[in-house]
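Only this structure's heavy atoms are used, side chains among them; waters, hydrogens and symmetry mates stay out.
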Amino acid sequence: MSLSPLTKKRIQYFKANKRAYVSLVIFAVLFVLTLFAEFISNDKPLLVTYEGKYYVPIFKMYPETTFGGDFETETSYRDPFLKELIAKKGGRMIWPLIPYSYNTINYDLPSPAPSPPSKENWLGTDDQGRDVMARLIYGFRISVLFGLVLTFFSSIIGVIAGGTQGYFGGTYDLVFQRFIEIWSGLPILFLLIIMGSLVEPNFWWLLGLMLLFSWMSLVAVVRAEFLRARNYDYVKAAQALGVSNRMTMIRHVLPNAMVAALTYLPFILNGSITTLTSLDFLGFGLPPGSPSLGEMLAQGKNNLHAPWLGFTSFLSVAVTLSLLIFVGEGVRDAFDPRKTER
């Protein structure tokens, strides 16, 4: 399917904004790499050869007896005894670039945890002996995935709510606006903290709680576009021909509103990641032990004598949010009608 001339022009404007384009490329590369975090950072080898057979521990759990051990439990591939058993049979293990997962504790540290950066732990370890680089990779992935899922569902609800308000107007619009004013006036962060303390938090529970409030960011923009577009001649003509309200909204009004909505999406993603990071920093976010940018910030605050923790967490959050802001500015300028008309 070929792109329209207007879409091509918008893409050209976005690429002309070097800061936004480079930020998008960097963010996309980092996100795609972290999607394969298990192949980059893991305490299980990518491939094990033993007695002429091949084993892939990343995809399948093998008991210790498979490699000559004594127990039926899952193999601990970092165990020196097991390494010796595999080596005796001429086997070998191919490890990922970082031989630690987000919850792997390094018991052979040269100094008490948190230990400084070294050849084995590139960014050092936290106060529990876990590799900081591994937790950064997994934490970045879960934060971005959480933000993307929340942005997707928030956009759907926000577009539907704002579209119905702007299209139908009247009493429906008036009542819904009063509801939004009351709902948006609630202390969102405090409510999330209270709700998060009542139940055991997890990814989907936090997503549902934040979805209760995050959908309002698009309502005002979409509502304004629908209020304007419903008075266009082609919309009135469709209504006069008997086209249903639902089809009129989807075919004739929604495309105009989506232009304004798309410019807000990077900023909504930014806000979603910030809220999750704040909750994790305060201890009301993901379950304890989960990799998180907010938990890394808390590690830096609690261990001021280990500056590498604070620098790593601050720079990771700052770079992530800055990249999204630059991308959002580029998208906003690319969809600016004053530029495309020229």
Flag, side chain of [X] to backbone of [Y], donor-acceptor distance under 3.5 Å:
X	Y	value
Thr125	Ser115	yes
Thr34	Ile137	no
Ser292	Gly294	yes
Arg141	Val32	no
Asn303	Ala306	no
Asp333	Tyr13	no
Ser101	Asp43	no

Taking only residues two or more places apart in sequence, or in another chain, which ones meet [X] in a side-chain hydrogen bond (donor to acceptor under 3.5 Å, both in side chains)?
X	value
Gln128	none
Glu181	Arg178
Tyr21	none
Asn103	none

Problem - Stepwise side-chain contact (heavy atoms from CB on, under 4.5 Å) check, Trp122 with Val132 - result: CA-CA 8 Å; Trp122 298 351; Val132 175; over 6 Å; no

Does [X] belong to the same Ile/Leu/Val/Met/Phe/Trp/Tyr cluster as [Y], with side-chain heavy atoms less than 4.5 Å apart forming each link?
X	Y	result
Trp204	Leu211	yes
Leu35	Phe140	yes
Phe267	Phe27	no
Leu315	Leu297	no
Leu279	Ile273	yes

By the side-chain hydrogen bond (donor to acceptor under 3.5 Å, both in side chains) test, which pairs, at least two apart or in different chains, include something from [range]?
range	value
residues 222-235	Asp173-Arg223, Glu225-Arg228, Arg228-Tyr232, Tyr234-Asn256
residues 148-160	Ser154-Ser214
residues 51-69	none

Exercise for the section: If you link ILVMFWY side chains whenever their heavy atoms are less than 4.5 Å apart, which other residues fall into the same cluster as Ile105? By chain and number, please. Expected result: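 Tyr107, which link up through side-chain heavy atoms under 4.5 Å apart, make up the rest of the cluster.
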
Handout entry: Apart from Tyr102 itself, residues in the same hydrophobic cluster as defined by side-chain heavy atoms under 4.5 Å
Key =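 Besides Tyr102, the cluster holds Tyr138.
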
Just wondering, do [Y] and [X] contact through their side chains at under 4.5 Å, heavy atoms?
X	Y	value
Val331	Tyr264	no
Gln299	Arg135	no
Pro96	Leu46	yes
Trp308	Leu123	no
Thr164	Met249	yes
Val243	Arg251	no

Exercise for the section: Please say whether more than 12 non-hydrogen atoms of neighbouring residues, nucleotides or ligands are located less than 6.0 Å from CZ in Phe314. Expected result: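 Open.
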
Exercise for the section: Output every pair passing salt bridge (charged side-chain N to carboxylate O under 4.0 Å, His left out) with a member in residues 96-119, not counting sequence neighbours, ordered by first then second residue. Expected result: none

Exercise for the section: Could you pull out all residues at least two apart from Phe152 that satisfy ring-ring contact (aromatic ring centres under 6.0 Å, His included)? Expected result: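 Residues passing ring-ring contact (aromatic ring centres under 6.0 Å, His included) with Phe152: none at all.
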
Handout entry: Partners passing side chain to side chain contact (heavy atoms under 4.5 Å, CB included) against Ser118 (at least two apart in sequence or in another chain)
Key =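 Expected list: Glu120, Asn121.
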
Practice task
First locate atom CG of Asn106, then atom OH of Tyr100, and finally report the distance between them rounded to the nearest 0.5 Å.
Solution key: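 Rounded to the nearest 0.5 Å, the CG-OH separation comes to 3.5 Å.
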
Practice task
Output the distance between atom CZ (Arg246) and atom OH (Tyr167), rounded to the nearest 0.5 Å.
Solution key: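 Rounded to the nearest 0.5 Å, the CZ-OH separation comes to 12.0 Å.
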
Practice task
Name the orientation class of the two ring planes belonging to Trp183 and Phe213 (parallel below 30°, tilted from 30 to 60°, perpendicular beyond 60°).
Solution key: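 The arrangement is parallel - the two ring planes meet at less than 30°.
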
Practice task
For the residue pair Phe176 and Tyr172, categorise the inter-ring angle as parallel (less than 30°), tilted (30 to 60°) or perpendicular (more than 60°).
Solution key: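 Rings of Phe176 and Tyr172: tilted, 30 to 60°.
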
Problem - Distance flag, aromatic centroids of Phe39 and Phe59, threshold under 6.0 Å - result: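 Yes - the distance between ring centres of Phe59 and Phe39 falls below the 6.0 Å cut-off.
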
Handout entry: Ser143 versus Leu276, closest heavy-atom pair with distance
Key =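 Between these two residues, the closest heavy atoms are CA-CD2, 4.1 Å.
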
